[in-house]
Every structure is written in structure tokens, then in C-alpha cells.
Amino acid sequence: MTYTHTVTVPFSWEEAVERMRTALAGQGFGILSEINVRNTFEAKLGTEAAEALGPDVILGACNPQLASKALAAEPDLGALLPCNVVVRRGTNDTVTTVQAIDPQTMVRLSDSAAVRDGANDADARLRAALAELSATAPAG
């Protein structure tokens, strides 16, 4: 079962994070949370675990209008929000991987038409942000 949309880009990890932030903002998403997984691994598991992972961040992206509609239709969906976007680069990788949650995952858990409509809108916006990121990558 696929539950993410994924692109790989030839940007450094730092540049991919910044470009993804910009692309998400262009689609009406703000960042509610940011988890630096590598830093967490280093603090909790040690340097070796952090170095094995490489740079990795989870951006908790939220479009307030879409979240408001989804929560009004089905308050329990709050457990699935915000829409997580992962930007990661393995230690020896030459590309950076960017993954966004597929909002259709929520539709599988709800029969609400409002949730389906919101998920469709969020899905289109997240895909557009990923497409924008890919489109700005230099041709390989």
C-alpha cells in the first residue's frame, strides 16, 4: 500500500528543505512542527546512529482552511494531522528524497464526503508542491 508521494532531487538536503518550505507555502501550507530526526537520534541514540541516518527532517505541514473543514466533518482526524513531509538524504546518497503523506489515506478511514473533498484538495496541493520542487531541479 502506498501512503506517500515521493520525489528525488539533486539538491543538497538544506536546499531541498528550503525549497520545499517555499513550495508548500505557495500551496497554502504553513509548517506547524519540525522534527529533526537526525538531531533526535544523536541526542537519544548517539552519534553513530545519527551518522548512519543522515540528514532527516519531518515538516508538519498544515493548510488551515483544509484542516478546519476536515476537523469539522470528522474531529477524530486530528490524530492524522498535520500532513507530514519528510526531507531526507542518506549518508552516501547523491540525491535528496522528499516524501509527502498521501491525504487519500484519510479517505480510507472515513465515509465523509467533506473529508474526501478536503483530502482531494490537499492531495492536489501536496502533489503540486512536489512537482514544483522537481521542476526547479537542474536537468540531470
Side-chain angles (χ1 to χ4, degrees):
M1 174 187 309
T2 301
Y3 50 91
T4 62
H5 303 303
T6 304
V7 298
T8 55
V9 291
F11 301 126
S12 70
W13 178 79
E14 294 86 357
E15 186 174 2
V17 170
E18 288 311 309
R19 286 177 180 255
M20 193 63 205
R21 286 178 183 280
T22 300
L24 287 166
Q27 294 297 320
F29 289 92
I31 304 302
L32 294 180
S33 61
E34 180 173 331
I35 301 166
N36 188 316
V37 181
R38 181 188 171 126
N39 288 352
T40 301
F41 275 26
E42 185 161 20
K44 303 292 183 180
L45 303 174
T47 302
E48 188 175 318
E51 288 177 359
L53 177 68
D56 191 316
V57 68
I58 301 170
L59 302 174
C62 180
N63 180 303
Q65 292 78 22
L66 298 178
S68 176
K69 289 177 187 176
L71 292 173
E74 189 121 8
D76 291 346
L77 286 178
L80 300 175
L81 298 177
C83 293
N84 284 330
V85 177
V86 176
V87 182
R88 62 184 167 81
R89 187 176 182 121
T91 304
N92 297 315
D93 289 350
T94 59
V95 295
T96 300
T97 300
V98 182
Q99 296 176 293
I101 183 72
D102 180 351
Q104 297 303 317
T105 302
M106 288 184 265
V107 174
R108 293 183 201 117
L109 303 174
S110 172
D111 294 328
S112 168
V115 170
R116 183 177 50 254
D117 292 345
N120 288 340
D121 192 356
D123 189 47
R125 291 169 184 261
L126 288 169
R127 285 178 183 258
L130 290 168
E132 179 183 331
L133 182 67
S134 291
T136 62

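Just the heavy atoms: all of them, side chains too, but no hydrogens, waters or symmetry mates, feed the values below.
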If every non-hydrogen atom of [X] is compared with every non-hydrogen atom of [Y], which pair is closest and at what distance?
X    : Y    : result
P64  : G28  : CD-O, 3.9 Å
T96  : A16  : CG2-CB, 3.7 Å
A129 : M20  : CB-CE, 3.7 Å
F29  : A122 : CZ-O, 4.3 Å
C62  : P82  : CB-CB, 4.2 Å
R89  : V95  : CG-O, 3.4 Å

Less than 4.5 Å apart, any side-chain heavy atom of [X] and any of [Y]?
X   : Y   : value
V9  : E15 : no
Q27 : N63 : no
E34 : V57 : yes
R88 : V37 : no

Nearest 0.5 Å please: distance from the [atom1] atom of [X] over to the [atom2] atom of [Y].
X    : Y    : atom1 : atom2 : answer
D56  : N36  : CG    : CG    : 8.0 Å
N84  : T4   : CG    : OG1   : 11.5 Å
R19  : L133 : CZ    : CG    : 7.5 Å
T8   : Q99  : OG1   : CD    : 10.5 Å
T105 : L77  : OG1   : CG    : 11.5 Å
I35  : T40  : CD1   : OG1   : 7.0 Å

Any chain of hydrophobic side-chain contacts (each under 4.5 Å) joining [X] to [Y]?
X    : Y    : result
V107 : L81  : no
L53  : V86  : yes
V115 : I101 : no
I31  : V98  : yes

side-chain contact (heavy atoms from CB on, under 4.5 Å) assessment of T2 paired with D102: CA-CA 8 Å; T2 301; D102 180 351; 5.5 Å; no
Residues E74 and S112: side-chain donor-acceptor under 3.5 angstrom: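 There is no such pair (donor and acceptor under 3.5 Å, judged by atom type) between the side chains of E74 and S112.
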Working for side-chain contact (heavy atoms from CB on, under 4.5 Å), residues R125 and L66: CA-CA 11 Å; R125 291 169 184 261; L66 298 178; 3.8 Å; yes
side-chain contact (heavy atoms from CB on, under 4.5 Å) evaluation trace for L80 with L109: CA-CA 10 Å; L80 300 175; L109 303 174; 3.6 Å; yes
Polar side-chain atom of T91 near backbone of E51 as donor-acceptor pair, under 3.5 Å: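 The answer is yes, because a donor-acceptor pair under 3.5 Å joins these two groups.
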Under 3.5 Å, which donor-acceptor pairs link side chains of residues 42-49 to any protein atom two or more places apart or in another chain?
from	atom 1	to	atom 2	distance (Å)
E42	OE2	T47	OG1	3.3

